[in-house]
Amino acid sequence: MESQEFPALPRGVRLHYDRIREIWVLLAPERAVTLDAVGHAILSEVDGKRSFGEITQKLAAKINAPVDQIIQDCTGFLGALRARRFLDVSP
Amino acid sequence: MTTAPPPIAMLAELTHRCPLSCPYCSNPVEMALQETELPTETWVRVFQEAADLGILQLHLSGGEPASSRDLTDLVAAAQKAGLYTNLITSGIGLSAKRLRVLDAVGLDHIQLSLQGTDAAMADKIGGHRGGYDRKMMVADWIAKIGFPLTLNAVLHRSNLHQLPDMLKMAQNMGARRIEVATVQFHGWALKNRDALMPTQEQAKETTRIVTEARTRLKGQLVIDYVPADYHSNFPKRCMGGWGSTGLNVTPDGQVLPCHAAQTIPHLTFDRVQDRPLADI
Ligand code: SF4
């Protein structure tokens, strides 16, 4: 993903707090993906309005980690969601 | 239910009625009668109980769920319970207006079945003239509203050769996903086995087409594939184990761990009319 691209959750894919299991999940068509703290932190920044570059900058500042590391994590995670069609990316 | 992890999905079979009559239908050979179908209030209670139990996703199925008059009330109730709601339909019984109402009450996703890629094939399999043309109209309305769409193609000896066209059709309809399922032999399909069983050649060719298409369509169309199944005399362990991820509630209120379980003799099932879901 390029830093000037905009990731967004498409219709039918949403974050959901599972009050029974006390975890965050991503609900998608006929699938539920359990999220760890990192996955949840990343997706909480994905709103369709901020670019990949802005998101990774913000996360790096927030958790005080090198931005290169954040970019790498986000690329892997968001790339996997994109391949399942759980994430849209627009230029 | 105390030791097993709570299931994440529930399949609600609203009715066994369906305008189509596919030879591989998973409806039990003894269908529940319309008079014994659960009243709306019971489903509404079951949806709330399911959510309280940790169910996240609800699949509304049948038969044809659109044959159920209270469908929109049920979707609204499922949304109120916080369930991700999926409608599994042949499209027959859905109008543009009804789809708009379903959109307004918050339906999350639609899975549309595909019997073939032309009217001659699809209507022969579904046994319902005009069914294919109607389905194409429904697909168009679904796309206009913007519902996320999965196509569900059941493949067998007479329509396997249409797989490449089915993949194209899925893309043209804007589907994000297609399920390519080779017919499973239980229920009606077991009775129609000889006509449905793909040849070994066909099965191999299907796997080849799927493998190629997965690479070519990566990131555009997700292909979930259930290959041909030659030697299974036993019901499939649905969704990775009995009741661990899936629960079925049938039109007359029986709670089953998966689809084929009803055909195993000597098992009786609890009914949601009699006990709350958490006790079952
Ligand atoms: S559309 Fe589905 S429920 Fe209806 S006959 Fe075909 S397989 Fe059965």
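Residue numbering restarts at 1 for every chain, and letters A, B, ... go by the order of the sequence lines.
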Given Asp18(A) and Leu56(B), is the side-chain contact (heavy atoms from CB on, under 4.5 Å) satisfied, shown in steps?
-> CA-CA 8 Å; Asp18(A) 180 340; Leu56(B) 298 171; 3.8 Å; yes

Against chain B, label Arg31(A) side chain, backbone, both or neither, depending on which of its atoms sit under 4.5 Å from a heavy atom there.
-> both

Is [Y] close to [X] at the side-chain level, that is, under 4.5 Å between some pair of heavy atoms?
{"X": "Arg82(A)", "Y": "Lys218(B)", "answer": "no"}
{"X": "Pro29(A)", "Y": "Gln111(B)", "answer": "no"}
{"X": "Val13(A)", "Y": "His109(B)", "answer": "no"}
{"X": "Arg21(A)", "Y": "Ile8(B)", "answer": "yes"}

Given a strict heavy-atom distance threshold of 4.5 Å, which part of Leu83(B) is in contact with chain A: side chain, backbone, both, or neither?
->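 For Leu83(B), the contact with chain A is made by the backbone alone.
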
Does any heavy atom of chain A fall under 4.5 Å from the side chain of Asp108(B), the backbone, both, or neither of them?
->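 Both parts, backbone and side chain.
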
What's the spacing between Asp224(B) CG and Arg84(A) CZ if we round to 0.5 Å?
->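 Result: 5.5 Å between the selected atoms.
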
First locate atom CG of Asp88(A), then atom CZ of Arg176(B), and finally report the distance between them rounded to the nearest 0.5 Å.
->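 So the gap between those two atoms works out to 6.5 Å.
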
What are the two closest non-hydrogen atoms of Arg11(A) and Ile145(B), and how far apart are they?
->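 For Arg11(A) and Ile145(B), the tightest heavy-atom pair comes out as NH1-O, 3.2 Å.
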
Under 3.5 Å: donor-acceptor pair, side chain of Arg85(A), backbone of Val222(B) = no

Within the side chain of Tyr84(B), is there an N or O that forms a donor-acceptor pair under 3.5 Å with the backbone of Gly12(A)?
-> yes

Could you walk me through whether Gln57(B) and Glu30(A) pass the side chain to side chain donor-acceptor pair (under 3.5 Å) test, one step at a time?
-> CA-CA 7 Å; Gln57(B) 298 224 349; Glu30(A) 298 172 60; over 6 Å; no

Which residues in residues 91-107 of chain B have a heavy atom less than 4.5 Å from any heavy atom of chain A?
->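 Within residues 91-107 of chain B, the residues under 4.5 Å from chain A are Asp103(B), Leu107(B).
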
